[in-house]
Amino acid sequence: MFKLMKNFKRIDWLFIAISLAIIIGQVFLDLKIPDFMSKITILIKTGGTTAQILEQGGYMLLCAGGSLGGAIFVGFLISNISARFSMNVRKKVYDKVQEFSMEEINGFSTASLITRTTNDITNVQMLISMGMQLIIKAPITAVWAILKILNKSWQWSLLTGGAIAILLIAVVVLMIMVFPRFKKVQKYIDDINNVTKESLTGIRVVRAFNAEEYQEQKFEEKNNTLTKTQIFNQRTMGILNPIMYLVMNSLTLGIYWLGAYIINGTDILSKATIFADMVVFSSYAMQVISAFLMLVMIFIMWPRASVSAKRINEVLEKDTKIVSGGFSGNTNLKGTIEFKNVSFKYPDAEEYMLKNISFKANMGETIAFIGSTGSGKSTLINLILRFYDCTEGQIFIDGVNIKDYDLEALYNKLGYVPQKAVLLAGSVKQNMQFGDSGKNIDEEQILTALDIAQGKSFVEKMEGGLDGRVAQGGSNLSGGQKQRLAIARAIVKDPEIYIFDDCFSALDYKTDYTVRNKLKKHTKGATNVIVAQRIGTIMNADNIVVLEKGECVGIGTHKELLKKCKVYKEIAYSQLSKEELENA
């Protein structure tokens, strides 16, 4: 929890200092009220005038009003601090997540990262906004009030000490019972988020397989677990309330009961003074108990906020495996990719996904990758994009080790079209400009890219054209339309290296052929990296790398591989006839 305090700005510490000064003033005013009550009691007993009594009452009202004004102003300052703190931490968590490689994201899970960015930060914010005043005020009030009552009566002091001890024992016992379960609550929220996300993103599959009841059951199990834990926590902490009021009222009763015996054993002249002391002591004792009640409220909020703070720190302190280098990307070579004895296995995996892969593609060339499902094609693309780093070997782009590149400079060289097109909520134009890499892109460039990607015709038919609405994830577009927009987005970027990760499979054969022909003319000076399942998509590539179980079993042109690579030959003949292959 305290590690997060470094996210307070200078202005926040200034506000905290001001709040501290005001709260000390509040406590002083609150603790002056019993003194005026004592004077009023003595005036009544000794026959004081109405004017004298009203004067003391006026001072009490001024103290109460001053304390109220201070509380309002402190509340304003603390709310400002908590909101700004939440904003700063949320930004840091978001920025940190942006630095994560796929390994770190998969380690936390998407659902958990969303919970940590929202719910966990809100828990800490609530503790600051509601608890900071109490954290500052409670100890000051308790110590000050205790000092004021210590010399009044040892019997009353002992009784008050006993009441405080009972409260502390109750708090400690309940905290021991509840704290471990507060840790579980946030994990259960992660689980609910995960099931909900799974059900919503896979809604078509769920309905197609009539699995609504199955998903509902999964959700119910997670929800019931969370509910039972929360009920236990709330009921257990709820026990504090009656305990606190029982102790408070018993203490008041005990003070007056003891006071009656003390007054009964004194002379008539001392009775008024002792009675006044009893009234004052009772008020101060209530202030002491109230201070401990404030601390109890902190103890109620603290466990969950503490768990949330720990989860936030886990994200902020996580070391990222993909570290940005310092190279700016200015080289004599352009568009070259070279793999030297590259091997890779996923974190915690026993077997290598890629084994000893070596190849080179120069500027203007097209290099393609083909192989059966699970042969490592997409994994190889992930290494070029530095979503993961290779386990062994080296990858060079433009003659420089990929690990030496500044990540921004690296991604400025690459234009990536993923296997599953990802579009963002907004307009077509905004989605196209998403890949500008700091360049200014005008509508003419966007229209040219859309024309190459065969997306211009359907975009022009959309209401608003380039300003036409794209729903989140592109849900208002077909699979082929989304893929063409994704291809156009990469073209608009005008990179040195185009990476097409099996993105042509969503297009029909005619559109696929047209897009590839136009792309070939447009990207003459760029390197094309293509992952494909269709032989027709890659047969004109300058080099084709054939992968099988993570190993390179063949490399060469289409005709060369037909002669010397058995795996490629099997794939080719499974898709096209002998005549089609020979005439290609």
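Residue numbers count from 1 along this sequence. Small disclaimer: the values here were computed from a predicted structure and weren't measured.
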Residue pairs, two or more places apart or on separate chains, that pass ring-ring contact (aromatic ring centres under 6.0 Å, His included) and touch residues 516-546: none
Side-chain atoms of residues 453-468: list all donor-acceptor pairs with protein atoms under 3.5 Å, sequence neighbours left out, distances to 0.1 Å.
{"residue": "Gln454", "atom": "NE2", "partner": "Asp451", "partner atom": "O", "Å": "3.0"}

Tell me every residue that passes salt bridge (charged side-chain N to carboxylate O under 4.0 Å, His left out) with Asp191, counting only those two or more places apart in sequence or in another chain. Lys187
Proximity of Tyr411 and Tyr416 rings by center, below 6.0 Å: no
Of Val492, Leu450, Ile452, Leu507, which meets side chain to side chain contact (heavy atoms under 4.5 Å, CB included) against Ile487? Leu507
Identify every side-chain donor-acceptor pair in residues 333-342 under 3.5 Å, counting partners at least two apart or on other chains, and give the distances.
{"residue": "Thr336", "atom": "OG1", "partner": "Asp398", "partner atom": "N", "Å": "3.1"}
{"residue": "Asn341", "atom": "OD1", "partner": "Ser358", "partner atom": "OG", "Å": "3.3"}

Examine the side chains of [X] and [Y] and answer whether a donor and an acceptor come within less than 3.5 Å of each other.
X      : Y      : result
Gln230 : Tyr188 : no
Thr379 : Tyr346 : yes
Glu99  : Thr320 : no
Asp512 : Thr537 : yes

Only pairs under 3.5 Å count here: list side-chain donor-acceptor contacts from residues 367-377, not counting sequence neighbours, and write none if there are none.
{"residue": "Ser375", "atom": "OG", "partner": "Ser372", "partner atom": "O", "Å": "2.8"}
{"residue": "Lys377", "atom": "NZ", "partner": "Gly371", "partner atom": "O", "Å": "3.2"}
{"residue": "Lys377", "atom": "NZ", "partner": "Ser372", "partner atom": "O", "Å": "3.3"}

Show the atom names and distances, to 0.1 Å, of all donor-acceptor pairs under 3.5 Å that link a side chain in residues 109-122 to residues at least two apart or in another chain.
{"residue": "Ser109", "atom": "OG", "partner": "Ser112", "partner atom": "N", "Å": "3.2"}
{"residue": "Ser112", "atom": "OG", "partner": "Arg116", "partner atom": "NE", "Å": "2.8"}
{"residue": "Ser112", "atom": "OG", "partner": "Arg116", "partner atom": "NH2", "Å": "3.2"}
{"residue": "Ser112", "atom": "OG", "partner": "Asp190", "partner atom": "OD2", "Å": "3.0"}
{"residue": "Thr115", "atom": "OG1", "partner": "Ala111", "partner atom": "O", "Å": "3.0"}
{"residue": "Thr115", "atom": "OG1", "partner": "Asp190", "partner atom": "OD1", "Å": "3.0"}
{"residue": "Thr115", "atom": "OG1", "partner": "Asn193", "partner atom": "ND2", "Å": "2.6"}
{"residue": "Arg116", "atom": "NH1", "partner": "Arg311", "partner atom": "O", "Å": "3.0"}
{"residue": "Arg116", "atom": "NH1", "partner": "Glu314", "partner atom": "OE1", "Å": "2.8"}
{"residue": "Thr117", "atom": "OG1", "partner": "Leu113", "partner atom": "O", "Å": "2.6"}
{"residue": "Thr118", "atom": "OG1", "partner": "Ile114", "partner atom": "O", "Å": "2.6"}
{"residue": "Asn119", "atom": "OD1", "partner": "Asn123", "partner atom": "ND2", "Å": "3.3"}
{"residue": "Asn119", "atom": "OD1", "partner": "Gln186", "partner atom": "NE2", "Å": "2.9"}
{"residue": "Asp120", "atom": "OD1", "partner": "Gln186", "partner atom": "NE2", "Å": "2.5"}
{"residue": "Asp120", "atom": "OD1", "partner": "Ser308", "partner atom": "OG", "Å": "2.9"}
{"residue": "Asp120", "atom": "OD1", "partner": "Arg311", "partner atom": "NE", "Å": "3.3"}
{"residue": "Asp120", "atom": "OD2", "partner": "Arg311", "partner atom": "NE", "Å": "2.8"}
{"residue": "Asp120", "atom": "OD2", "partner": "Arg311", "partner atom": "NH2", "Å": "3.1"}
{"residue": "Thr122", "atom": "OG1", "partner": "Thr118", "partner atom": "O", "Å": "2.9"}

